[in-house]
Chemist: 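Once you've had a glance at the structure underneath, I'll fire off some questions.
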Amino acid sequence: MVREKEDLKLVRNIGFIAHIDAGKTTTTERILFYTGKTYKIGEVHEGTAITDWMAQERERGITITSAATYCQWGNYHINIIDTPGHIDFTVEVERSLKVLDGAVVIFCGVGGVEPQSETVWHQAEKYQVPRIAFVNKLDRTGADFFAAIEEMKDKLKIVAAAVQVPIYEEEEFVGVIDLVRKKAIYYVDELGTKLEYKDIPRDYQETASKYRDLLIEKLSELDDLFMHKVIEGEPISEEEIICAIRKHTISNKFFPVLGGAALKNKGIQQLLDAVCDYLPSPADLDVIEGINPKDKSPQEIKISQKSAFCALCFKVFTDPFVGKLFYARIYSGKISTSSYVYNITTGEKERISKILRMHANKQEIVKEACAGDIVCFVGFKSTSTGDTLCDKKNLIVLEEIKFPEPVVSVAIEPKTKADQDKLFMALKKLEDEDPSFKVVYNRETGQNIISGMGQLHLMIMVDRLLRDFNVVAKIGKPQVAYKETITKKVEAVGKFVQQTGGRGQYGHVVFVMEPQHRGTGIVFDSKIKGGVIPKEFISSVKEGVKEGSESGCLGGYPVVDVKVTLTDGSYHDVDSSEISFKIAAQIGFKEGLRKAGAVILEPIMDLEVITVDEYLSQVIADLNSRRARISSISDKKNLRIVRADIPLAEAFNYADVLRNLTQGRSSYTIEPSSYEKVPDEVLNKILGIG
């Protein structure tokens with residue numbers, strides 16, 4: 001825990017992000033071991049990894065929820081978040097990156113830049129998180145450290161250079177050459193605790209010189225001081241190289257690349273050194289930017305323990321013993337147990353009953369926390385993911401976290417009557433925890449519909465219902481999360497008039513509805529002037545539009561990407577009310593949908609299939625039968641890589657089909673890409689016509 005006397009410059013808040021199975025959790029386990037946080041190395045394949053603590057993670061050998069932990073390396077205090085690699089749990093990566101100062105992106109030495117590697121890289125780019133790259137699994141047959149770097153440059157369009165070179169003896173990975181310090185480091189024992197520092201072996205002197213020159217060349221392109229020294233032929237010290245790498249890594253202009261083999265306990269200590277040398281501390285960020293809630297103007301708070309308190313709640317998790325845990329990144333100020341914070345998002349004052357420092361699922365109670373810390377608060381009543389916590393005297397709203405929309409839905413119902421209420425409560429808790437998990441009650445069918453990022457995501461949620469909440473539930477077949485939109489601009493009128501003998505109801509609105517770009521959602525704008533509709537009813541009209549968009553006119557799917565402009569209407573002095581204008585807006589919205597050429601949109605997935613050459617034609621034929629659009633076919637060593645866009649509806653059973661089609665010699669990755677109009681022949685099937 002960072003105390004007043006300690007220096008924020010010695011704090012690192014980092015995360016591990018990567019494609020599935022690149023070795024994030026294995027690397028985290030080694031870091032915890034070498035820093036003395038654990039006395040025994042946990043293994044993913046044995047189900048003993050500290051950060052994969054959920055039963056579902058240990059059974060499947062994958063990370064499902066991001067786990068927070070911490071360790072000490074020399075004088076440095078390092079907070080670590082280990083994130084999932086599977087695309088179904090991308091929300092965990094998204095919210096972790098929002099609060100991290102730096103990230104280690106792990107690449108497979110054999111696979112190089114894989115599809116999910118690109119996804120997480122671009123997620124980090126969105127939040128401008130400085131990164132270092134770690135090429136893992138250099139002990140594997142077919143691993144190629146330099147090819148991985150070239151792939152990074154080519155696919156990610158970045159300036160990257162090696163700061164290490166792997167050493168092989170008789171094809172066995174035995175150590176690395178530190179290009180900055182010009183030393184060879186050998187791993188002597190199996191645990192990787194004994195290191196030998198030697199001169200660079202003769203066989204590697206030319207390679208080391210080549211890549212050291214390349215490193216300095218890349219830095220000189222970014223740094224005038226370096227350029228001057230290179231031109232003048234002046235010597236460049238270790239400290240100058242480290243400072244230059246750090247400076248340009250923090251500014252996201254340069255990405256240093258290291259290598260190792262986490263499972264074989266090689267390269268981890270050097271990775272820890274690089275985290276401390278090259279990634280930023282909270283102090284390097286200097287200020288946290290937000291918005292003044294009163295006038296919406298930009299506002300900054302200096303990142304310091306002496307500034308006003310400001311934190312972001314980035315995750316909520318339900319602990320069976322403690323209750324709700326609110327994970328928060330503290331950007332400025334100090335807070336202690338039993339004190340109060342102000343939730344600017346909800347306008348509520350919250351009391352902190354406990355502050356916990358987390359080590360995966362283990363908890364350590366602390367009395368206070370301050371700038372630079374990542375902790376859990378206990379005792380909040382109305383805080384959720386993405387809320388800003390601050391001092392009531394210094395209000396600031398931090399940028400919200402944007403989460404992807406769910407793409408797969410299933411109906412769920414309790415197995416017995418007794419489970420009805422328990423199911424409702426459990427689903428609500430899971431929805432609070434995971435912003436990409438949605439629960440909707442379908443009035444027409446009387447079913448609860450749960451939606452998520454994929455079949456595995458929903459499978460895990462149903463498993464948690466049983467294990468964590470003791471609810472037995474039955475689920476239906478997976479359904480695609482279709483959406484509806486419009487194709488042309490129209491004017492629509494909504495009128496609600498009702499006379500009941502006493503006071504009646506009167507609401508009258510006129511809309512212009514027009515299509516928007518994909519991903520826009522529903523946009524409402526009011527052009528009412530001169531009190532044609534009183535101001536107090538405009539918010540009710542907006543609410544009516546929002547509720548009307550929950551169910552379209554074709555298949556009852558949510559409506560998206562429509563701009564609704566309120567242009568005219570009328571009201572009655574006595575009979576008009578908020579409810580009458582809300583209902584009028586719903587009527588007008590539905591009329592507009594019917595006139596505006598409504599269509600159904602389906603989720604399209606980005607698919608990459610890696611197969612051996614002999615099965616390429618079968619893979620392509622099968623994809624063509626699934627309405628897939630093949631965008632590229634490329635070679636990688638002795639494999640063929642097929643990239644395609646495929647409708648989610650056609651990809652539900654793809655894992656089994658691909659396994660059978662290629663005798664288990666192919667693999668694939670899939671992730672959400674976009675929404676597109678459903679073809680007419682498929683539309684008829686969806687609507688049950690013909």
Side-chain angles (χ1 to χ4, degrees), residues 17-23 60-62 84-90 93 106-123 136-137 140-144 147-148 150-152 154-156 404 407-408 453-459 478 480 602-676 679 682:
I17 58 175
H19 182 90
I20 190 168
D21 202 32
R60 290 170 172 82
I62 61 169
H86 200 289
I87 189 64
D88 280 21
F89 310 107
T90 188
V93 182
I106 300 178
F107 297 89
C108 173
V110 180
V113 180
E114 296 165 288
Q116 188 66 5
S117 310
E118 293 184 63
T119 302
V120 296
W121 187 274
H122 295 312
Q123 281 176 296
N136 193 23
K137 303 187 181 183
R140 297 272 183 97
T141 304
D144 192 330
E150 290 309 309
E151 220 176 318
M152 286 178 215
D154 181 46
K155 287 189 175 178
L156 304 174
V407 294
V408 178
M453 296 306 297
Q455 285 173 274
L456 179 61
H457 186 198
L458 295 181
M459 200 188 304
V480 177
E602 64 178 343
I604 304 295
M605 312 298 282
D606 183 4
L607 174 74
E608 181 178 274
V609 182
I610 301 175
T611 184
V612 290
D613 197 52
E614 65 190 275
Y615 294 113
L616 181 64
S617 58
Q618 291 96 314
V619 168
I620 290 172
D622 178 67
L623 288 175
N624 286 333
S625 73
R626 293 168 179 271
R627 297 194 285 127
R629 289 195 309 269
I630 293 168
S631 53
S632 69
I633 301 172
S634 56
D635 298 326
K636 188 171 184 180
K637 295 172 186 161
N638 58 339
L639 299 172
R640 303 300 289 274
I641 300 170
V642 181
R643 289 292 290 261
D645 294 323
I646 184 171
L648 176 61
E650 305 287 349
F652 277 140
N653 63 339
Y654 193 65
D656 294 334
V657 170
L658 185 65
R659 194 180 301 118
N660 295 332
L661 204 61
T662 64
Q663 297 182 10
R665 295 177 66 192
S666 298
S667 63
Y668 79 99
T669 52
I670 193 166
E671 57 187 70
S673 170
S674 59
Y675 268 84
E676 290 182 11
V682 179

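These numbers come from a predicted model, not from an experiment.
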Chemist: Going by side chain to side chain donor-acceptor pair (under 3.5 Å), name the residues that satisfy it together with Glu676, two or more places apart in sequence or in a different chain.
Modeler: Arg629
Chemist: Just do the side-chain contact (heavy atoms from CB on, under 4.5 Å) check on Val113 and Leu156 with the steps written out, would you?
Modeler: CA-CA 9 Å; Val113 180; Leu156 304 174; 4.3 Å; yes
Chemist: Quick one: does any side-chain atom of Asn136 pair with a main-chain N or O of Ala22 as donor and acceptor, under 3.5 Å?
Modeler: yes
Chemist: Looking only at non-hydrogen atoms, find the nearest pair between Ala628 and Ala644 and report the distance.
Modeler: CB-CB, 4.4 Å
Chemist: Quick one: list whatever passes side chain to side chain donor-acceptor pair (under 3.5 Å) with Arg626, sequence neighbours left out.
Modeler: Asp622, Asn653
Chemist: Please enumerate all residues that pass salt bridge (Lys or Arg N to Asp or Glu O under 4.0 Å) together with Arg643, with sequence neighbours excluded.
Modeler: Glu118, Asp606, Glu608
Chemist: Distance check, rounded to the nearest 0.5 Å: Leu658 atom CG versus Gln618 atom CD?
Modeler: 11.0 Å
Chemist: Taking all non-hydrogen atoms of both residues into account, name the closest pair between Ile106 and Gly23 and its distance.
Modeler: CD1-O, 3.9 Å
Chemist: Set out, in order, the CA-CA distance, both residues' side-chain angles and the distance that settles side-chain contact (heavy atoms from CB on, under 4.5 Å) for Met152 and Phe107, then state yes or no.
Modeler: CA-CA 9 Å; Met152 286 178 215; Phe107 297 89; 3.6 Å; yes
Chemist: Just one of Arg140, His19, Lys137 clears the side chain to side chain contact (heavy atoms under 4.5 Å, CB included) bar with Cys108, so which one?
Modeler: Lys137
Chemist: Taking only residues two or more places apart in sequence, or in another chain, which ones meet Asp613 in a side chain to side chain donor-acceptor pair (under 3.5 Å)?
Modeler: Arg640
Chemist: Indicate yes or no: at least one non-hydrogen side-chain atom of Tyr654 is less than 4.5 angstrom from one of Leu607.
Modeler: yes
Chemist: Of all residues at least two apart in sequence or in a different chain, which pass the salt bridge (Lys or Arg N to Asp or Glu O under 4.0 Å) check with Glu151?
Modeler: Lys155, Lys636
Chemist: Assess the residue pair Ser673 and Met605 against the criterion (side-chain contact (heavy atoms from CB on, under 4.5 Å)); give the C-alpha distance rounded to whole Å, side-chain angles, the decisive distance to 0.1 Å, and a yes or no.
Modeler: CA-CA 5 Å; Ser673 170; Met605 312 298 282; 5.8 Å; no
Chemist: Begin from the C-alpha positions of Leu639 and Thr611 and carry the test side-chain contact (heavy atoms from CB on, under 4.5 Å) through to its verdict.
Modeler: CA-CA 6 Å; Leu639 299 172; Thr611 184; over 6 Å; no
Chemist: Could you tell me the separation between the CG atom of Asn624 and the CD1 atom of Ile646, rounded to the nearest 0.5 Å?
Modeler: 10.0 Å
Chemist: Could you work out, with salt bridge (Lys or Arg N to Asp or Glu O under 4.0 Å) as the rule, every residue matching Glu114, not counting sequence neighbours?
Modeler: none
Chemist: Side chains of Val619 and Thr662: does their closest heavy-atom pair fall under 4.5 Å?
Modeler: yes
Chemist: Does the side chain of Val642 reach to within under 4.5 Å of the side chain of Leu623, using non-hydrogen atoms?
Modeler: yes
Chemist: Is there a side-chain contact between Ile620 and Tyr615, using heavy atoms and a 4.5 Å cut-off?
Modeler: no
